[in-house]
Amino acid sequence: MTVRTRFAPSPTGYLHVGGVRTALFNWLFARRHGGQFILRIDDTDAARNRAEAVLPILEGFSWLGLTWDEGPTPDGSGDSFGPHKPYFQSQRQDKYLAAAMRLLQEGKAYPDYTSPEEQEHRRELAQRLRKPYVHRGSHRDNDPADNVRLYRERPAPLLLKVPEGRVVRFHDHVRGLVEVSTDTIRDPVLLRAPDDQGHCRAVYAFATVVDDIDFRITHVIRAEEHLTNTPVQILIYEALGATPPEFAHIPLVYYKGEKMSKRKLPPLTADEIARLKACGWTEEQLQGRDDLNIATVAYYRELGYLPAALINYLVRLGWSLDDTSEYIPLEVALQHFSLERVTKAPANFDEKKLYWLQGEYMKRVPPEEKVERGLPYLRRARLVDDPVSPAQRQRLLQIVEAAGERIKLFSDLVQFAAPLLKRDPDYDPTALDKALRPAAELLQGFRAILAQTHPFDAPTLENALRMFAPEKAPHKALVAATRVAVTGVTVGFGLYETLAILGKEEVLRRIDLALARVMAPSAVPPAA
RNA sequence: GGCCCUAUCGUCUAGUGGUCUAGGACGUAGCCCUCUCAAGGCUAAAACCGGGGUUCGAAUCCCCGUAGGGUCACCA
């Protein structure tokens, strides 16, 4: 039997990194065993059933390269592809209904007419007696035929009849043997009470089992929060006469010691907002993007992370290849992934480590690609024309090559290119004061040398500067002063490369500009 | 509260009774390299939750605590 796994997100409008990790484990497991990975949209809850909320999830998967063999079409139109379509639960209600009716006729399910007030009352009573409340509905022991008739006349929540006095056992691939007494399991709701249109829609726990049987899912790999759900589902499998799949419950992803929840998304810190702004976003634009968040895939995509780095980070979160490997490209993970090496304890999401891995992957990206993928950020920051001229592209390539490993994120291109692409440098007052002013005369002297330098390339320039200021201290001072003069700031990639890229004319112009600022400070009266 | 799960450096992890004076990585600190910043090199600080067993021997097995978490929906 070929392995078939699935990931079943509900359409929330964004892709959560915790969800991606779960999906990734499913994907890896299926691919490793030459099986299929299926995507299904769990939208049984009408309130969450928004077509436009599916697309960001599909786009996220496509961006990450996690391809699915069956499921929704990638365009988010609501269509599906694959032998068991449709793959939207909202489009499969007839199947749930049919399955539920079968259980009703067989006496394995029954309508429950217990009022919510009565249920609440019983719950309170049980609480007072310090006993767990295990709900059993009103018509549990009726004759099945009577129940069928009754249900037709007066629909109500349809409940599964949980067998009493039994122990449900299953072997979890991560947790080991799990055992639960059925006496602690309430009769679960299969079908809801009729809604305004009279439809009795399936509840997730039921729909998921019907679908997993239908789709021939062999391994259910999901987050640990579903662990206590599993015995109930096994009971549903049994009632439906199906063999339950294998289960593996992987630990949750935490953030700062708490579950990285879809509901309570941590707000962006000032630092994170600043990083987004550095990508060219404005405050107003960010207001409307509540999907940009340390917990969403969109956030990392926006900042200019590589999908491969995110994938590598996520696969290492709760799984290890061996005792030393950290850099684990997808192909390698694919060859070695096993559920046996999945950890049991929850894992904290560490942005710093993700950032480091990103750097490792970025080292292997060719300069041309860095330019290409940095372009959207440059456009947003209005640093390049659209479309980019060949000359501009050439200059960007020089910048990328000079910046080298300093470019960790594609969005970093903005910060390295901006000082060179802007008309005039934005002079940082502190830098001007500290680095330029004390070395102004030195710089003036060096300016004359620069005017004579031929050719205006990095090695020649370095030579020229070293000849002009051979002593260590003046050398350092001159480098700092020149850097501030031509870029406005104290940090950046190699000075000689910077000068060469700028070209002689522009360098001289900028030096004059800077010198004018510091040479005539007395002319500017202090602000009143 | 009931049921269930988990527990090694700040963080991610290796470790499946002796090779553990516990290994790797991120992060942190220091030094080196150096025109600043990155990158790189070297070094350092840093952990087996507590208590009982079992055993010649326990991070590893068992029990009890403790702490954290999940779940108890006509949410998924």
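Keep in mind that this is a model prediction, so the values were computed, not measured. All values below come from the heavy atoms of this structure, side chains included, with hydrogens, waters and symmetry mates left out.
Atom P of B:G10 sits at a distance of 29 Å from the matching atom of B:C32, rounded to the whole Å. The gap from the P atom of B:U60 to that of B:U21 amounts to 14 Å, rounded to the nearest Å. Only the P atoms considered, B:G23 is 14 Å distant from B:U43, to the nearest whole Å. Remark: the separation of the C1' atoms in B:U13 and B:U8 is 9 Å, to the nearest Å. Rounded to whole Å, the P atom of B:C48 lies 11 Å from the corresponding atom of B:A59. Between B:A44 and B:G1, the two P atoms lie 47 Å apart (nearest whole Å). Between B:A58 and B:U19, the distance separating the two P atoms is 11 Å to the nearest Å. On the C1' atoms, B:A14 is 10 Å away from B:A22, given to the nearest whole Å.
In this structure B:C26 sits in a base pair with B:G10, meeting the Watson-Crick or G-U test at under 3.5 Å. Look at B:G68: its Watson-Crick or wobble partner, with both distances under 3.5 angstrom, is B:C5. Summarising the base pairing, B:G40 is matched to B:C32 through a Watson-Crick or G-U wobble pair whose two defining distances lie under 3.5 Å. Using Watson-Crick or G-U wobble geometry with both donor-acceptor distances under 3.5 Å, B:U21 finds no partner in any strand shown.
Relative to the six-membered ring of A:F247, A:R175 misses at least one condition, a distance below 6.0 Å or an angle of at most 45° to the axis. Cation-pi geometry between A:R154 and A:Y151 is not met: the NZ or CZ atom fails to fall both under 6.0 Å from the ring centre and inside 45° of the normal.
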**Complete:** Scoring nucleotides 61-66 of chain B by protein non-hydrogen atoms under 4.0 Å (B base, S sugar-phosphate only, - none) yields ------
**Fill in**
For nucleotides 32-40 of chain B, 5' to 3', base contacts (B), sugar-phosphate-only contacts (S) and non-contacts (-) with protein non-hydrogen atoms under 4.0 Å give ---BBBSSS
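Partner of A:R373 under the side-chain contact (heavy atoms from CB on, under 4.5 Å) criterion, chosen from A:L409, A:L306, A:V365: A:L306. Under the side-chain contact (heavy atoms from CB on, under 4.5 Å) test applied with A:V518, the options A:L443, A:L436, A:V484 reduce to a single match, A:L436.
Proximity of A:R192 to the phosphate of B:A76: a side-chain N or O atom is located under 4.0 Å from OP1 or OP2. Remark: A:T44 is in phosphate contact with B:A76, judged by side-chain N or O atoms under 4.0 Å from OP1 or OP2. Between A:R169 and B:C4, a side-chain N or O to OP1/OP2 separation shorter than 4.0 Å is absent. Here A:N348 does not reach the OP1 or OP2 of B:U11: none of its side-chain N or O atoms lies under 4.0 Å away.
In terms of the side-chain hydrogen bond (donor to acceptor under 3.5 Å, both in side chains) criterion, residue partners of A:Y87 (sequence neighbours excluded) are, by chain and number, A:E70.
Between the CG atom of A:D172 and the C1' atom of B:U6 there is a distance of 13 Å, rounded to whole Å. Here B:U11 presents its C1' atom at 15 Å from OH of A:Y254, a figure rounded to the nearest Å. Atom P of nucleotide B:A22 and atom CG of A:D323 are separated by 16 Å, given to the nearest angstrom. Going from atom NZ of A:K352 over to atom P of B:A25 covers 18 Å, rounded to whole Å. Distance CG (A:D43) to P (B:C75): 14 Å, rounded to an integer number of Å. Nucleotide B:C75 holds its P atom 13 Å from the OH atom of A:Y204, rounded to whole Å. Distance A:Q197 CD to B:C74 P: 21 Å, rounded to the nearest Å. Going from atom CG of A:L191 over to atom C1' of B:C74 covers 10 Å, rounded to whole Å.
Each of A:P194 and A:K131 was matched to the nucleotide of RNA chain B holding its nearest heavy atom; the match closer to the 5' end belongs to A:K131. Of the residues near RNA chain B, A:L227 and A:Q119, the one whose nearest nucleotide (by heavy atom distance) lies more toward the 5' end is A:L227.
Residue A:T343 is in sugar-phosphate contact alone, with no base atom involved, counting any heavy-atom pair closer than 4.0 Å across all strands shown. Among the protein residues, A:R40 comes within range of no part of the nucleic acid, since none of its heavy atoms lies under 4.0 Å from any strand. Nucleic acid contact class of A:R316 (heavy atoms, under 4.0 Å, all strands): base. Contact annotation for A:L478: no contact, since no heavy-atom pair falls under 4.0 Å across all strands. Among the protein residues, A:D195 comes within range of no part of the nucleic acid, since none of its heavy atoms lies under 4.0 Å from any strand.
Between A:W319 and A:F25, a ring centre-to-centre spacing not shorter than 6.0 Å is recorded.
We find that A:D412 and A:R406 are not joined by a salt bridge, their nearest charged nitrogen and carboxylate oxygen being 4.0 Å or further apart. With respect to the salt-bridge test (charged N to carboxylate O, under 4.0 angstrom), the residues A:R92 and A:D214 qualify. A salt bridge does not link A:E224 to A:K344: none of the charged nitrogens lies less than 4.0 Å from a carboxylate oxygen.
The A:E225 side chain lies nearest to B:G70 when the options are B:G70, B:U13, B:G27. Nearest nucleotide to the side chain of A:T228, out of B:C74, B:U71, B:A14: B:U71. Among the nucleotides B:U11, B:C5, B:A76, the one closest to the side chain of A:E224 is B:C5. Among the nucleotides B:A14, B:A76, B:A73, the one closest to any side-chain atom of A:R186 is B:A73.
Note on ring orientation: taking the six-membered ring where Trp is involved, the planes of A:Y327 and A:Y361 are tilted (angle from 30° to 60°).
Between A:I41 and A:P9 there is a side-chain heavy-atom pair separated by less than 4.5 Å. In this structure the side chain of A:K370 never reaches within 4.5 angstrom of the side chain of A:L396, judged on heavy atoms.
Taking OH of A:Y313 as the start and CD of A:E326 as the end, the distance is 10.0 Å to the nearest 0.5 Å.
Looking at A:E326, its side chain comes within 3.5 Å of the base of B:G24 through a donor and an acceptor atom.
Where stacking is scored as ring centres under 5.5 Å apart with planes under 30°, A:H226 registers as stacked on the base of B:A76.
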